[in-house]
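All remarks here apply to the structure that follows.
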Amino acid sequence: MAIMASDSGGGDYQPVPQGTYDAICYKIVDAGTSMNKFQDEVNKQHSIFIFWELPTCRTEDDRPMSIFHKYRLSLRENAKLRSHLQSWRNKPFTEKELAGFDITKILGVTCKLTVGLTSGGKEKVTGVFCADGGPKKTATENEQVIFDLEDYMKEFSGESCEASKKACDIFEGLPSFMQWQIAGCDEPGKEQIPPCFEMQAALAKGGEEPKKEEVVVEDDFEDDIPF
């Protein structure tokens with residue numbers, strides 16, 4: 001299933017040091033649409049997470065280090081996703097691509113990343129650039145996977161199938177905060193979070209009454225921010 005953009009941790013985690021790295025995209029997560037607050041503005045926002053492995057930056061047990069970045073699923077002129085994708089492939093989008101570009105095309109594609117720090121001292125992707133010699137499809141040490149929200153929702157809307165069960169397996173491997181953003185959280189002692197709007201619709205279709213309240217999430221989005 002395509003993920004279309006248009007112009008409209010664990011205790012043993014090792015942070016990626018600041019620097020510039022060769023990188024390969026190995027995972028894309030469609031996190032759905034939730035209410036988001038940024039710079040005192042509240043609106044619905046469809047977000048995705050892009051994960052990269054860094055082949056030359058290794059952990060103590062010789063695995064490639066990895067990093068991810070959260071993006072608004074938008075190719076508007078000032079959107080960071082558009083800026084990063086264009087510098088990744090080293091060419092602007094055409095008008096046709098801006099009308100609908102399949103994000104899954106970047107899976108397994110090489111690039112260069114710059115890693116800096118947030119104001120809180122955590123590592124973050126500050127830039128995505130074209131790989132030396134141009135972007136190429138290549139194998140990764142991590143399994144290349146796409147979490148397709150549409151497939152996942154079928155498990156809850158009464159349309160369970162092989163694709164929905166595979167999506168459930170991928171979901172189980174996501175960090176907890178991503179799981180909560182997608183499917184909600186009602187665990188005692190934790191912040192109560194409703195499912196994303198897409199999941200709420202799937203639950204209603206499947207006969208389950210979803211949570212009605214909407215939670216505003218404060219996010220660190222910065223729109224100064226062969227595919």
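Side-chain atoms of K137 and Q144 form no donor-acceptor pair, as typed in the model, at a separation below 3.5 Å. T140 and N142 form no side-chain donor-acceptor contact under 3.5 Å, judged by distance and modelled atom types alone. Residues Q45 and S47 bring no donor and acceptor atom of their side chains to less than 3.5 Å of each other.
Salt-bridge annotation for R58 and E141: present, with a side-chain N of the basic residue lying under 4.0 Å from a carboxylate O of the acidic one.
In this pair, W52 and Y71 present their aromatic rings perpendicular. The plane angle is above 60°, beyond the 30 to 60° band. The aromatic rings of F171 and Y152 lie parallel to each other, their planes meeting at an angle below 30°, with 60° marking the opposite boundary.
Residues satisfying the side chain to side chain donor-acceptor pair (under 3.5 Å) test with N90, not counting sequence neighbours, are none.
Taking the side chain as every heavy atom from C-beta outward, M65 and Q14 approach each other to under 4.5 Å. Residues F129 and T20 have side chains not in contact (no heavy-atom distance under 4.5 Å, counting atoms from C-beta outward). Looking at heavy atoms from C-beta onward, C25 lies out of side-chain contact with C111 at the 4.5 angstrom threshold. No side-chain heavy atom of C130 sits less than 4.5 Å from a side-chain heavy atom of K112.
In terms of heavy-atom proximity, Q192 sits nearest to E187 at NE2-O, 3.1 Å. Shown here for H84 and G127, the closest heavy-atom pair between the two residues is NE2-CA, 4.0 Å. Contact between T110 and G134 at its shortest, heavy atoms only, is OG1-O, 3.9 Å. Looking at every heavy atom in both residues, K124 comes nearest to L117 through CE-O, 3.8 Å.
Listed for the E53 side chain is no donor-acceptor partner under 3.5 Å among the backbone atoms of I24.
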For L81 and R72, run side chain to side chain contact (heavy atoms under 4.5 Å, CB included): C-alpha distance rounded to whole Å, both residues' side-chain angles, the deciding distance at 0.1 Å, then the answer. CA-CA 7 Å; L81 180 62; R72 187 191 315 266; over 6 Å; no
